[in-house]
Asker: 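Let me give you the structure first, and then I'll get to my questions.
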Amino acid sequence: MNDLQGFPFRSGRLCLDFSATLGGRRRDALVERLGSAEDVRRWLRASGLWSHSALVSDHHAEAARGLREAIYRLVHPKRKPSVADVGTVNRWAGLPPLAPKLASDRTARWDGSVEAALSTIARDAIELVTGPLARRVRECARPDCSLLFVDASRPGRRRWCSMERCGNRSKTAAYRRRVGR
Ligand SMILES: [Zn+2]
């Protein structure tokens, strides 16, 4: 769970990392990380879903942003997806997903189009909200972070998307407030 190429990969879940490509959601200072086709290609590569045969267009970037926002409202613990959001997720999930392609050295990579990658992401979102971890989706407690993550800890009290990036910073800030520095 590390950030790669400037994209957050902290959630432990593909569809949540995808929703994190729009940052600053709680500050009204949105950070769009999928603004272009090249951004989408970079994110897919960083996520491990990149297929070398896939061509990414501006149309794909727009579609990716649309799916991302539908997924965000679907998985967010305090939001409700609209009928249109559910339709968007279903439409993408209904397409054939990426297929694993095995090499003789027993490694595999994903193969397929950008549409197939978006299908894989949409399917992950459906699995998440209909599965046992649905109630474990949390929003990071640091006020200027808005990332969602899956709390897989046994007690279920994880508060930060990343202890290093948000937990320690928040604790340091609280300490400074207490000691008046
Ligand atoms: Zn955070």
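Remember, it's 1-based here, ligands and their atoms both numbered in the order they're listed.
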Asker: Using links of under 4.5 Å between side-chain heavy atoms of ILVMFWY residues, direct or through other members, which residues join Leu30 in one cluster?
Answerer: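 Members besides Leu30, by chain and number: Leu22.
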
Asker: Side chains of Arg123 and Ser119 only: does a donor on one sit below 3.5 Å from an acceptor on the other?
Answerer: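 The answer is yes; a qualifying pair exists.
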
Asker: Can you list, by chain and residue number, the protein N, O or S atoms under 2.8 Å from the Zn ion (ligand 1)?
Answerer: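 Metal shell, protein only: Cys140 SG, Cys145 SG, Cys161 SG, Cys166 SG.
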
Asker: Taking side-chain contact (heavy atoms from CB on, under 4.5 Å) as the criterion, tell me which of Leu148, Val75, Asp124, Val137 meets it with Arg13.
Answerer: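 By the side-chain contact (heavy atoms from CB on, under 4.5 Å) criterion, Arg13 pairs with just one of Leu148, Val75, Asp124, Val137: Asp124.
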
Asker: Under 3.5 Å, side-chain donor or acceptor atoms of residues 89-102 against the rest of the protein: list the pairs with distances, not counting sequence neighbours.
Answerer:
from, atom 1, to, atom 2, distance (Å)
Asn90, ND2, Val86, O, 3.4

Asker: For Ala141, check side-chain contact (heavy atoms from CB on, under 4.5 Å) against everything at least two apart and list the hits.
Answerer: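 If we apply the side-chain contact (heavy atoms from CB on, under 4.5 Å) test to Ala141, skipping adjacent residues, the hits are Arg159, Trp160.
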
Asker: Please work out which of the three classes, parallel, tilted or perpendicular, describes the rings of Trp43 and Phe7, given edges at 30° and 60°.
Answerer: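 Rings of Phe7 and Trp43: perpendicular, as their planes differ by over 60°.
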
